[in-house]
Amino acid sequence: MENRRVRVRFAPSPTGPLHMGGVRTALYNYLFAKKHGGDFILRVEDTDQERFVPGAEQYIVEALKWCGIEPNEGIGFGDGPYAPYRQSDRKPMYRQYAEQLVKDGYAYYAFDTSAELDEMRKRMEAMGSNSSYNAVTRQNMKNSLTLSEDEVTKRIENQEPYVIRIKIPRNEEVRVKDIIRGWVIVNSSQLDDKVLFKSDGMPTYHMANIVDDYTMKITHVIRGEEWLPSAPLHVLLYRYLGWESVMPEFAHLPLLLRPDGNGKLSKRDGDRLGFPVFPLSGELLDTKTQQPESFTGYREKGYFPEAFINMIALLGWHSSGNQELFTLQELIQEFSLERVSKSGAKFDPEKTKWFNQQYLRKKTDEELAELFIPVLKEKGISAEKPFITGVCRLLKEKANFVSEFWEQGSYLFVAPTSYDAEVIKKRYNEQTANFIKEVSEALKNTEIFTAVETEKTFKASAEKMGIGAGQVMQLFRVCISGVGGGPVLFEMLELFGKEETVRRLEQAVISIGNGQQRTANS
RNA sequence: GGCCCGUUCGUCUAGGGGUUAGGACACGUCCCUUUCACGGAUGAAACACGGGUUCGAUUCCCGUACGGGCUACCA
């Protein structure tokens with residue numbers, strides 16, 4: 001047990017798009033595996049044929065790829081020694097274990113119809129009891145414990161549908177050791193006789209999960225807190241199957257909560273509050289409505305996978321220091337399950353933006369240009385690579401997303417056709433108009449067209465005309481860009497070069513002059 | 001309802017028997033920048049409550065409250 005190679009699995013069910021809580025579970029599994037030099041496995045838990053959503057599996061694979069947390073074994077990532085990795089493909093192997101449990105007296109066949117089950121639950125409810133199928137009630141149901149052996153055999157031979165249920169002991173303490181929470185102790189009287197094997201021939205999650213973890217030699221089960229209540233059942237199953245000595249260790253992760261109010265983070269919250277809940281955009285069938293439902297992802301919103309991962313890593317885990325920015329490698333190095341917090345984490349979309357900003361600023365201008373070029377292409381803009389790189393240099397300090405570059409700096413590519421009315425109204429007059437003309441001329445004669453030199457020229461012109469630079473600085477900016485704010489002015493000029501700068505100034509003088517004319521006449 | 005898990009600034013969290021309870025996001029003020037942003041400085045802001053244990057509890061224990069999860073032939 002001690003010396004086993006660490007093997008962990010991420011085991012989603014393909015019932016819809018993988019949501020960020022699932023991504024975090026996958027991430028923690030990944031980090032834990034890498035930290036311990038172990039294996040990270042992707043297993044698809046598709047034992048529920050009713051809720052199967054076409055495309056969901058592929059979505060999961062793509063999402064993990066985008067996040068950069070790739071399993072080294074499993075669906076979509078290549079088979080290892082324990083293939084297959086889809087429970088529907090492993091279907092033939094489960095029955096024998098369920099039968100073994102029956103044989104050993106730890107489980108039994110049950111023939112009750114859903115109507116009979118409903119009736120039993122109602123009856124129990126009426127009696128003020130909330131128990132379901134358990135040590136007491138099973139006495140009154142149709143199962144291999146109450147029916148004669150002949151009857152059971154006959155029913156099975158007649159192909160009557162049946163399930164296999166675990167026979168939970170009446171009064172026994174079950175202890176689960178959770179790495180994050182310590183010992184969790186539950187009395188078996190609180191557990192019910194869960195179905196292990198369904199009448200459709202598929203195992204339930206509980207059965208499949210144990211059989212697969214055992215046969216795949218999983219050493220640590222890292223999953224969401226919603227599984228904590230069924231962990232005692234799982235412990236019992238390991239025991240009854242005789243696998244307790246190689247039972248994995250458990251770690252139940254705190255849930256991701258919605259930003260406002262309380263409750264589990266859901267797709268609805270994202271729609272309502274305007275942030276993505278999923279890594280990738282897409283459209284998949286909704287299991288409830290049976291209608292295709294589209295959803296937006298972090299990728300399409302312009303988030304970098306590194307930023308997304310970094311953000312999500314810190315929702316429920318924290319290093320001992322104050323560091324908040326981690327590369328994947330650093331996360332691997334620092335991660336430990338012991339430092340995962342116990343309480344649920346409210347998701348904060350604002351901080352997520354901050355993470356992206358941090359990563360944006362770390363990118364080189366060239367990297368950003370590569371990302372920006374497709375955006376430009378979409379806008380029908382073509383420009384020289386060095387120019388685009390220069391634009392990125394000027395804009396990256398101000399933006400959270402590459403996608404913002406366009407809205408914040410489209411004027412760098414397209415000369416303005418309108419000019420900030422406020423600034424014009426306040427600053428434009430005959431004198432300042434003359435100043436713009438003067439600077440324009442002066443810039444034509446500026447030999448070295450750098451930020452430093454153009455600024456000198458600008459100031460010299462202002463001085464020459466007896467105007468304070470502050471009086472005309474913003475007007476000048478508006479003439480160049482059309483808007484009152486933006487990157488450092490003279491850096492912009494340098495990027496434009498002399499020709500474009502002068503052209504813009506001359507155009508501005510004409511356009512604004514005409515505008516003023518019209519205003520004056522009307 | 002029952003069972004289980006949880007509770008440090010608005011949020012993510014560090015800390016842990018004696019601390020001015022630390023950081024980050026967001027927010028306020030100021031500086032820098034002749035703009036915006038970045039950056040810097042600074043401010044406001046938290047140990048859910050009640051009992052124990054203790055010389056001393058935010059920290060340990062027990063209750064209460066509140067929140068969450070589970071309670072299917074779903075995972």
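Chain letters run A, B, ... following the sequence lines, proteins first and then strands; every chain starts at 1. Keep in mind that what you see is a predicted model, and the values were worked out from it rather than measured.
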Identity of whatever pairs with B/A44 - Watson-Crick or G-U, under 3.5 angstrom: none
Which nucleotide in the list B/U35, B/A37, B/C70 gets nearest to the side chain of A/E226? B/C70
Residue A/K264, side-chain heavy atoms: nucleotide from B/A75, B/G69, B/C73 that is nearest: B/G69
Spacing of A/M20 atom CE relative to B/C12 atom P, expressed in whole Å: 13 Å
Rounded distance (Å) that lies between atom P of B/A72 and atom CZ of A/R165: 10 Å
Could you tell me if A/N187 and A/E172 have a donor-acceptor pair between their side chains, going purely by distance under 3.5 Å? no
Out of B/C5, B/C73, B/A37, whichever nucleotide has its closest atom nearest the side chain of A/L117: B/C73
Could you tell me the separation between the CZ atom of A/F275 and the P atom of B/A26, rounded to a whole number of Å? 17 Å
Does any part of the side chain of A/L236, heavy atoms only, come nearer than 4.5 Å to the side chain of A/V174, both counted from C-beta? yes
Would you classify A/G263 as touching base, sugar-phosphate or nothing, given that sugar-phosphate means primed atoms plus P, OP1 and OP2, and contacts are heavy atoms under 4.0 Å? sugar-phosphate
If you check every side-chain atom of A/L315, which of B/G69, B/A37, B/C12 has the closest atom? B/C12
Under 4.0 Å, heavy atoms only, any strand: does A/R258 hit a base, just the sugar-phosphate, or nothing? nothing
At under 4.0 Å between heavy atoms, what does A/R477 touch on the DNA or RNA strands: base, sugar-phosphate, or nothing? base
Does a side-chain N or O from A/K346 land closer than 4.0 Å to OP1 or OP2 of B/A26, or not? no
Please state the C1' separation for the pair B/C3 and B/G10 - nearest whole angstrom. 32 Å
Whole-Å distance, A/I168 CD1 to B/G2 P, equals 21 Å
If we call it a pair only when both distances are under 3.5 Å in a Watson-Crick or G-U wobble match, what pairs with B/G67? B/C5
Look at the side chain of A/K351 against the base of B/A24 and say whether a donor-acceptor pair falls under 3.5 Å; ignore hydrogens and angles. yes
Atom CG of A/N187 and atom P of B/C4 are separated, to the nearest Å, by 9 Å
From the list B/A75, B/G23, B/C3, which nucleotide is the closest neighbour of the side chain of A/E45? B/A75
Are A/R43 and B/A75 close enough that a side-chain N or O sits under 4.0 Å from OP1 or OP2? no
Classify the nucleic acid contact of A/P487 as base, sugar-phosphate or nothing, counting any heavy atom under 4.0 Å across all strands shown. base
Whole-angstrom distance between B/G52 and B/A57, as gauged at atom C1': 11 Å
Ignoring backbone atoms, test whether A/K194 places a side-chain nitrogen or oxygen under 4.0 Å from the OP1 or OP2 oxygen of B/A75. no
At under 4.0 Å between heavy atoms, what does A/T287 touch on the DNA or RNA strands: base, sugar-phosphate, or nothing? nothing
Please determine if A/R155 forms a cation-pi arrangement with A/F111, meaning its NZ or CZ atom is less than 6.0 Å from the six-membered ring centre and no more than 45° off the ring axis. yes
Distance between the C1' atoms of B/U33 and B/C66, in whole angstroms? 48 Å
A/T204 near the nucleic acid: base, sugar-phosphate alone, or nothing, with a heavy-atom cut-off under 4.0 Å? sugar-phosphate
Provide the Watson-Crick or G-U wobble partner of B/C38, both distances under 3.5 Å; none if there is no partner. none
Reckon A/E324 touches a base, only the sugar-phosphate, or nothing at all at heavy-atom distances under 4.0 Å? base
Under-4.0 Å salt bridge between A/K142 and A/D112: no
Is there a Watson-Crick or G-U wobble partner for B/U11 with both distances under 3.5 Å, and which nucleotide is it? B/A24
Does A/R504 qualify as a cation-pi partner of A/F496, given the criterion of NZ or CZ under 6.0 Å from the six-membered ring centre and within 45 degrees of its axis? yes
What is the distance from atom CD1 of A/I309 to atom OH of A/Y359, rounded to the nearest 0.5 Å? 9.5 Å
Measure the distance from CD on A/E173 to P on B/C3 and round it to the nearest whole Å. 15 Å
Measuring only the P atom in each nucleotide, how far is B/G22 from B/C31? A whole number of Å is fine. 27 Å
Per nearest nucleotide of RNA chain B, the residue lying toward the 5' end, A/D48 or A/W317, is A/W317
Whether A/R361 contacts B/G39 is assessed here as follows: a side-chain N or O lying under 4.0 Å from the phosphate OP1 or OP2. Is that the case? yes
Could you please name the option among B/G10, B/G23, B/C5 that lies closest to any side-chain atom of A/D348? B/G10
What integer number of Å spans the C1' atoms of B/A48 and B/U8? 10 Å
Which nucleotide, B/U7, B/C38, B/C5, lies nearest any side-chain atom of A/V184? B/C5
Using atom C1' in both nucleotides, what's the gap between B/C27 and B/C70 to the nearest angstrom? 38 Å
Pairwise C1' distance for B/C47 and B/U58, with rounding to whole Å: 4 Å
Report yes or no: is the cationic atom of A/R175 (NZ for Lys, CZ for Arg) closer than 6.0 Å to the six-membered ring centre of A/W183, at no more than 45° off its axis? yes
Let me know the distance between CD of A/E455 and C1' of B/U33, rounded to the nearest Å. 11 Å
For A/Q357, which contact category applies under a 4.0 Å heavy-atom criterion: base, sugar-phosphate, or nothing? sugar-phosphate
Base, sugar-phosphate, or nothing for A/T47, non-hydrogen atoms under 4.0 angstrom? sugar-phosphate
Heavy-atom donor-acceptor pair, A/R9 side chain to A/R43 backbone, under 3.5 Å: no
Which part of the nucleic acid, if any, lies within reach of A/V195 when heavy atoms closer than 4.0 Å are counted: base, sugar-phosphate only, or nothing? sugar-phosphate
Roughly how many Å apart are B/G1 and B/U20, using the C1' atom of each and rounding to a whole number? 48 Å
When we call it a touch if two heavy atoms are under 4.0 Å apart, what does A/V488 touch: a base, just sugar-phosphate, or nothing? base
Between A/N356 and A/F304 (side chain of the first, backbone of the second, donor and acceptor by atom type, cut-off under 3.5 Å), is there such a pair? yes
Which part of the nucleic acid, if any, lies within reach of A/G316 when heavy atoms closer than 4.0 Å are counted: base, sugar-phosphate only, or nothing? sugar-phosphate
Which of B/A75, B/A37, B/C5 is nearest the side chain of A/W227? It is B/A75
Under 4.0 Å, heavy atoms only, any strand: does A/D118 hit a base, just the sugar-phosphate, or nothing? nothing
If you compare every side-chain N and O of A/S341 against the phosphate oxygens of B/U13 (OP1, OP2), does one of them come in below 4.0 Å? yes
Pairing check on B/G18: which nucleotide meets the Watson-Crick or G-U wobble criteria with it, both distances under 3.5 Å? B/C55
Side-chain N or O of A/R51 less than 4.0 angstrom from OP1 or OP2 on B/A75? no
Using only atom types and a distance under 3.5 Å, with no angle test, would you say the side chain of A/T287 pairs donor to acceptor with the backbone of A/R51? no
Taking for each residue the nucleotide of RNA chain B bearing the nearest heavy atom, is the 5' side occupied by A/F111 or by A/E350? A/E350
Counting just side-chain N and O atoms, does A/S13 come under 4.0 Å of either OP1 or OP2 of B/C74? no
Could you tell me how far apart A/R223 (CZ) and B/C4 (C1') are, to the nearest whole angstrom? 14 Å
